[in-house]
Amino acid sequence: MNNYPIELRDDLNHTLVKTIYEFGIVNIPVLAAQVADRHSGLSLADAERLVLGFAEFYSAPIEFDRSGCDWRTREPVGRDNDGLLLDIVESEFGRAA
């Protein structure tokens with residue numbers, strides 16, 4: 001991260017915190033594409049690596065949905081992030097084996 005401008009670090013930090021707060025989950029390819037668009041010297045592969053690193057730093061749940069279809073239709077989960085994460089946990093882990 002030391003080889004990148006401070007503006008990129010600040011943008012990544014702001015983007016990830018806002019995304020975690022609003023959605024409760026980080027869509028790596030979608031956010032990487034947005035960050036790469038805002039920083040012309042950054043490749044998509046580097047942007048994905050950086051977004052993934054920041055998501056891991058924040059211990060945020062992550063997904064790899066390149067289409068971003070669910071991403072655009074999700075409602076923000078609010079201040080405590082209960083909504084989306086609770087839905088995921090109940091639908092994925094609440095099923096009988």
Side-chain angles (χ1 to χ4, degrees):
M1 191 67 205
N2 293 334
N3 298 334
Y4 297 103
I6 195 165
E7 293 83 13
L8 174 58
R9 185 196 68 196
D10 290 344
D11 184 27
L12 282 165
N13 187 54
H14 174 76
T15 300
L16 267 288
V17 169
K18 182 178 179 220
T19 300
I20 294 166
Y21 175 77
E22 288 181 358
F23 296 100
I25 193 165
V26 175
N27 189 324
I28 302 297
V30 171
L31 285 183
Q34 292 172 1
V35 169
D37 284 346
R38 290 193 298 264
H39 300 275
S40 59
L42 187 65
S43 71
L44 185 57
D46 284 341
E48 286 182 342
R49 184 177 51 81
L50 291 170
V51 169
L52 180 59
F54 269 69
E56 288 176 338
F57 176 76
Y58 286 115
S59 299
I62 59 174
E63 67 179 343
F64 295 91
D65 178 15
R66 215 170 267 290
S67 70
C69 292
D70 288 343
W71 185 257
R72 290 185 201 100
T73 59
R74 286 192 186 136
E75 293 293 323
V77 294
R79 185 177 309 256
D80 55 2
N81 286 337
D82 284 341
L84 178 61
L85 296 178
L86 187 58
D87 288 346
I88 291 170
V89 170
E90 286 177 350
S91 65
E92 294 297 320
F93 303 111
R95 291 186 247 163

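It should be emphasised that the depicted structure is a prediction, and the values quoted were computed from it without experimental measurement.
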| remark: Heavy atoms of Val35 and Val51 approach each other most closely as CG2-CG2, 4.4 Å
| request: For Gly24 and Pro61, work out which heavy atoms get closest and say how close. | output: O-CG, 3.3 Å
| From CD1 (Ile6) to CG (Asn13), nearest 0.5 Å | 11.0 Å
| request: Starting at CG of Leu12, measure out to CD of Glu7 and round the result to the nearest 0.5 Å. | output: 12.0 Å
| request: With rounding to the nearest 0.5 Å, note down the distance linking CZ in Phe54 to CD1 in Ile20. | output: 11.0 Å
| query | Roughly how far, to the nearest 0.5 Å, is CZ of Arg49 from CD1 of Ile28? | reply | 12.5 Å
| query | If you round to the nearest 0.5 Å, how far is CG of Leu31 from OG1 of Thr15? | reply | 7.0 Å
| query | Pick one: which of Asp46, Leu8, Leu50 meets side chain to side chain contact (heavy atoms under 4.5 Å, CB included) with His39? | reply | Leu8
| field | Nearest heavy atoms of Ala55 and Ile62, plus distance in Å | value | CB-CG2, 3.6 Å
| field | Spacing of Lys18 atom NZ and His14 atom NE2 [to the nearest 0.5 Å] | value | 5.5 Å
| said: Side chains of Asp11 and Tyr4, heavy atoms from C-beta outward: is any pair under 4.5 Å? | reply: no
| Between Ala47 and Ala32, what is the shortest heavy-atom contact and its length? | CB-O, 3.4 Å
| Do you know the tightest heavy-atom contact between Pro29 and Glu63? | CD-O, 3.8 Å
